[in-house]
There are 4 protein chains.
Amino acid sequence: MAGSVNKVILVGNLGRDPEVRRMNSGESVVNLNIATSESWRDKQSGERKEKTEWHRVVIFNENLAKIAEQYLKKGSKVYVEGQLQTRKWQDQTGAEKFTTEIVLQRFRGELTLLDGRAGGGEQSEYQGGGSDFGRSSPLEAPRGGGQARQPAATSSYAADLDDDIPF
Amino acid sequence: MAGSVNKVILVGNLGRDPEVRRMNSGESVVNLNIATSESWRDKQSGERKEKTEWHRVVIFNENLAKIAEQYLKKGSKVYVEGQLQTRKWQDQTGAEKFTTEIVLQRFRGELTLLDGRAGGGEQSEYQGGGSDFGRSSPLEAPRGGGQARQPAATSSYAADLDDDIPF
Amino acid sequence: MAGSVNKVILVGNLGRDPEVRRMNSGESVVNLNIATSESWRDKQSGERKEKTEWHRVVIFNENLAKIAEQYLKKGSKVYVEGQLQTRKWQDQTGAEKFTTEIVLQRFRGELTLLDGRAGGGEQSEYQGGGSDFGRSSPLEAPRGGGQARQPAATSSYAADLDDDIPF
Amino acid sequence: MAGSVNKVILVGNLGRDPEVRRMNSGESVVNLNIATSESWRDKQSGERKEKTEWHRVVIFNENLAKIAEQYLKKGSKVYVEGQLQTRKWQDQTGAEKFTTEIVLQRFRGELTLLDGRAGGGEQSEYQGGGSDFGRSSPLEAPRGGGQARQPAATSSYAADLDDDIPF
DNA sequence: TTTT
DNA sequence: TTTT
């Protein structure tokens with residue numbers, strides 16, 4: 001269809017560490033579980049309410065997949081831009097299921113770490129568009145040895161994210 | 001969570017007329033099925049490819065629901081802004097299902113008709129935000145006339161869902 | 001700054017034909033003037049009000065520049081996505097001026113024609129991201145013919161700016 | 001114009017404390033200076049490059065103005081959503097000037113603090129749309145006494161923002 | 001200068 | 001089920 005737009009913009013926190021799948025082609029595909037939430041005061045009861053929504057993000061964009069793998073961890077706050085895609089699959093009983101995901105296709109989408117201060121001043125923002133754009137040095141000088149990403153500090157917030165993840 | 005954003009922006013075409021459900025409160029909730037699609041030339045085969053994605057949009061915003069009911073029809077091109085929401089339900093066999101929708105909550109979201117020329121110069125854009133903003137005259141002088149689209153099946157929401165497809 | 005986003009999304013109409021500048025490199029840079037407008041009913045007076053905003057868009061993305069040149073004309077409705085950029089310049093009196101533009105950098109941004117029906121079924125949507133994505137056939141089989149829009153003033157950029165208005 | 005969209009999305013840091021102007025009506029209008037920046041490696045020289053863009057944000061939305069006043073300070077990272085507006089003015093010599101701003105109109109726009117952890121677990125996100133939505137408790141229990149917002153810690157980053165602000 |  |  002000439003003239004369509006399919007765009008999702010999320011700012012939220014990872015409910016768990018990124019899941020990395022290595023493809024036969026050598027490329028990686030990274031899955032993120034991202035929580036967004038809203039809070040408000042109920043007009044009737046006066047109570048504070050909060051509702052968390054969980055989003056499944058799939059990163060095929062190679063540069064962004066690398067960055068996700070290297071810099072994101074449970075609890076990280078990120079800006080993500082991708083497109084909606086619903087795919088059909090069958091569970092073990094053969095029942096038809098649908099899953100809607102936010103997909104960052106090859107060369108497309110955006111991913112920006114919003115709390116990058118932790119971890120030593122490294123940046124990790126990257127725009128999906130161009131091959132000559134975005135941060136290159138993190139890719140050239142990746143996480144290196146064992147001093148790397150600490151195993152997902154069980155900070156209070158990250159802990160909150162632990163339950164109720166539907167996927 | 002302090003600091004989260006959950007936003008979907010679509011430009012696409014309605015696959016069928018809006019579905020309007022009248023609530024007991026007197027308010028209407030409108031469902032839209034919107035198609036977005038992408039086309040590209042396959043690098044291997046050189047063939048033209050196209051992929052269409054279908055989106056289920058649910059409008060709780062009263063002003064936008066009115067506009068959708070009055071001005072949108074099968075084939076209309078619209079700009080829609082809402083938020084992602086996944087809800088769990090059970091099909092007739094008791095199997096658990098998830099459906100992800102783009103929701104325009106009360107006072108929130110945006111809806112703009114992009115091919116309003118047809119139909120006699122009527123405008124129908126409206127921003128969800130403010131009570132003193134947006135087009136009011138279409139609401140004051142609705143489509144009227146007998147030629148109009150019939151005022152929407154009062155099917156229950158549950159009834160709409162009792163088949164094995166997501167929408 | 002790790003973690004920043006600078007994004008503009010416009011849906012509006014071209015106030016005049018695209019302006020194309022041919023660079024020494026052989027690439028083209030295209031400028032668009034896009035109008036967006038809002039209408040509302042004034043609460044005090046009850047009068048209908050309308051306000052139009054004009055936006056200057058600059059397309060460095062080569063693929064999108066080609067599409068703009070070939071398919072857009074005065075009155076076209078487009079979806080544009082780019083980033084804000086303010087540049088300083090001096091008018092003929094030496095006075096300092098600032099102009100803010102929506103810029104589609106190389107490999108970045110999006111441009112989609114929203115009223116492509118006119119012109120014979122040609123599509124012209126294109127996503128800025130990938131080199132293997134988007135419409136290729138319009139590029140392979142461009143508008144041709146002598147009836148075409150003239151290939152754009154080769155005025156220098158400075159020349160365009162030497163009056164006292166921002167664009 | 002039926003069918004137009006004028007939207008800006010920024011994630012960036014405040015270059016200085018919010019500027020609050022009290023109107024005769026008793027309402028406040030808040031101005032923010034927000035920096036976004038990009039970094040990349042230059043293909044020719046191999047050098048790291050960085051470019052910062054400054055944005056002037058004007059908040060007429062009362063709820064968001066309150067939140068900006070209470071919770072934002074120099075260096076704060078925010079998500080802002082508003083619309084582009086260019087206004088003409090005259091400098092002291094009578095010369096005509098144009099300034100483009102990101103405006104959050106009454107009942108419109110969004111503002112979300114992205115580094116709210118500092119300051120005692122207070123949230124400050126708020127969606128501009130609805131009167132019954134968004135966080136209310138920060139408004140009911142504002143900054144309170146002297147323990148309040150520390151005077152814009154001259155952290156290294158904030159310090160970097162100090163120079164080169166064009167407005 | 002567009003569009004409705 | 002739309003649109004090109």
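Here is the naming used below: chain letters follow the sequence lines, and residue numbers restart at 1 for every chain. What you are looking at is a predicted structure, and each value in this text was computed from that prediction instead of being measured.
With sequence neighbours excluded, the residues satisfying salt bridge (charged side-chain N to carboxylate O under 4.0 Å, His left out) with C:K51 are C:E53.
We find that CD of C:E53 is positioned 19 Å from P of E:dT4, with the value rounded to whole Å. Separating the CG atom of B:L114 from the P atom of E:dT4 is a distance of 12 Å, rounded to the nearest angstrom. In this structure, the NZ atom of C:K73 is 19 Å from the P atom of E:dT1, given to the nearest Å. One can place NZ of C:K77 at 15 Å from P of F:dT4, the figure rounded to the nearest angstrom. Here E:dT2 presents its P atom at 18 Å from NZ of C:K51, a figure rounded to the nearest Å. In this entry the distance linking CD of B:E19 with P of F:dT2 reads 14 Å, nearest Å. Look at CD on C:E38: it is 19 Å from P on E:dT3, rounded to the nearest Å. In this structure, NE2 of C:H55 is placed 13 Å from C1' of E:dT3, rounded to the nearest angstrom.
Rounded to the nearest 0.5 Å, atoms CG (B:L10) and CG (A:L84) are 6.5 Å apart.
Checking E:dT3, F:dT2, F:dT1 against every side-chain atom of B:N13, the shortest atom distance belongs to F:dT2. Checked against E:dT3, F:dT1, E:dT1, the side chain of B:K74 finds its nearest nucleotide in F:dT1. Side-chain atoms of B:A35 lie closest to F:dT2 of the nucleotides F:dT1, E:dT3, F:dT2.
Using a 3.5 Å distance cut-off with no hydrogens or angles, the side chains of C:W54 and D:T86 do not pair a donor with an acceptor.
A stacked arrangement is assigned to C:W54 and the six-membered base ring of E:dT1, with a centre-to-centre distance below 5.5 Å and an interplanar angle below 30°.
The closest donor-acceptor contact from the side chain of B:D17 to the backbone of B:K73 lies at 3.5 Å or more, if one exists at all.
For F:dT2, its base sits under 3.5 Å from the side chain of B:T52 at one donor and acceptor pair at least.
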